[in-house]
Every structure is written in C-alpha cells, then in structure tokens.
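One structure below.
Order of appearance sets the numbers: ligands from 1, and atoms from 1 within every ligand.
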Amino acid sequence: MDKKTEQISSFKAAMGNYPTGVTVVTAFNQQGKPMGLTVNSFASVSLEPLLILWSIDKRVYSYEDFLKVDKFTVNILASDQSDLCTLFSSKVEDRFSQCDWKKSELELPVLADTLATLQCKVFSQIDAGDHTTIIGEVIDIRNEDKEPLLYHRRTIGPIPNEFYS
Ligand SMILES: Cc1cc2nc3c(=O)[nH]c(=O)nc-3n(C[C@H](O)[C@H](O)[C@H](O)COP(=O)(O)O)c2cc1C
C-alpha cells in the first residue's frame, strides 16, 4: 500500500470510529420533484444566526440539483427508521414512493415520524475537495420525544440500553 492509500484508509477508520446520528436531507429540484439522500456529515454551526452544515459528495446523482436549491430539510431519523437510512442511500430511483412524506407549509419535502425536522434556507456553499459543504440557516424546527438512530463503524442502530446507566 502506498503512503496516500494508507492515509486514506487510516482516515476512514478514524472517521468510522466517530459515532454520529443519521439524517436524510431532502429538497425539491427545479422540476418540482422531491430528492433526498442519507447524510451523517450533519453538524450544528452557530446560534446567532441558527446555522447547520452538511456535505454532499460530488458523485451523488442529485449533486447538481442540490447546488441549485435555495432551501432544504434536514430530517433527523428516529431509532426505528433504519429503513429510511437504507432507502435514501440505495440505488432506488423513486425513493419517495416508498416512504411516508408530505410537502410542508414552507414548500419543502418532510419525512414522517422523524426525531426532528429542521427546515433551512441556504446560507452558503463551500467547495471542499470531493464534496461541497452546504451551510443552512434554520427557519423552522420540529422536535419529537423519540430516540435517535446512530451510525458507527458502518452499523446503524439505537442507543444501547447500558448507555445511560
Ligand atoms: C450512514 C450514511 C451516511 C452518509 N452520509 C453522507 C453524507 O454526509 N454526504 C454524502 O454525500 N453522502 C452520504 N452518504 C451516501 C449517500 O447517502 C449515497 O451516496 C447517496 O444516497 C447515493 O445516491 P445516488 O444514487 O443518488 O448517487 C451516506 C450514506 C450512509 C449510509
């Protein structure tokens, strides 16, 4: 293995060891069709104003469409929604015919029964290597009293029972 391949492999191992929640980012494209993908690069950025970020791989099918939208939804998945994590990272073309969702008052696609929904308008886009980081200003927040879905070492699942004990 050459030095660069070794570094990439160590980087993937380090990042894979870092647990995250799981979200599905959704938006309508220019033709009014819903689009979305599973995202774990989501993070909080600022309180004043309320900012969040996520990064999109330039190879994602809907990449060009996501760069054109002025608003999007971050759907934070609940512990019983691993099927949505799989659906929105699969090769299924019409992902929205296989899940429960609606158009919100802010005219954004919102998935049903999630842990939280953050509707955002695009604040900035930052070109970052093979990804683009999208920063969003949060314009609407909905929270539900549910447990999160976690992602760690390529495994998805709920918080283990012993976590809070
Ligand atoms: C747990 C998990 C987290 C992911 N996080 C991201 C992410 O933050 N950014 C991204 O571009 N792709 C991420 N992906 C991959 C995309 O969901 C996947 O490449 C995309 O849905 C493929 O879509 P396409 O067929 O439309 O290209 C993640 C996948 C999984 C399973």
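- Atoms of ligand 1 lying under 4.0 Å from any heavy atom of D57, numbered from 1 in the order shown and given with element: 10 (C), 11 (O).
- Remark: F28 pairs with no residue by the ring pair (Phe, Tyr, Trp, His ring centres under 6.0 Å) rule, at least two apart or across chains.
- The shortest N or O to N or O distance between K91 and ligand 1 is below 3.5 Å.
- Taking the salt bridge (Lys or Arg N to Asp or Glu O under 4.0 Å) definition, one finds that D100 meets it with nothing, sequence neighbours left out.
- The shortest separation from a heavy atom of I56 to ligand 1 is under 4.0 Å, placing the residue in contact.
- Among protein heavy atoms, the minimum distance from atom 19 (O) of ligand 1 is reached at V60 CG2, 4.1 Å.
- For atom 10 (C) of ligand 1, the candidate residues are G36, S55, S41; the nearest heavy-atom contact is made by S55.
- T114 pairs with exactly one of E144, Q81, K146, R142 by the side chain to side chain donor-acceptor pair (under 3.5 Å) rule, that one being R142.
- The residue from N29, T132, L37, V122 that alone fulfils the side chain to side chain contact (heavy atoms under 4.5 Å, CB included) condition with F66 is L37.
- The distance criterion of under 3.5 Å between nitrogen or oxygen atoms is met by T38 with respect to ligand 1.
- Look at K33 and D94 and you find no salt bridge, because none of the NZ, NE, NH1 or NH2 atoms lies under 4.0 Å from a carboxylate O.
- Rounding to the nearest 0.5 angstrom, the gap separating the OG1 atom in T117 from the CG atom in L111 is 8.0 Å.
- What sits closest to atom 21 (O) of ligand 1 on the protein, heavy atoms only, is F88 O, 2.8 Å.
- Minimum interatomic distance between I156 and S82 (heavy atoms only, all atoms of both residues): CD1-CB, 3.5 Å.
- Side chain of T73 to main chain of P109: a donor-acceptor pair is present (N/O by atom type, distance under 3.5 Å, no hydrogens or angles).
- Of the N or O atoms in S62, none lie within a sub-3.5 Å distance of an N or O in ligand 1.
- In terms of protein heavy-atom proximity, atom 26 (O) of ligand 1 is nearest to Y61 CB, 3.2 Å.
- Comparing R154, R95, H131 against atom 23 (O) of ligand 1, the shortest heavy-atom distance belongs to R95.
- Of all the atoms in ligand 1, the ones that sit under 4.0 Å from a non-hydrogen atom of S89 are 17 (O), 21 (O), 29 (C), 31 (C).
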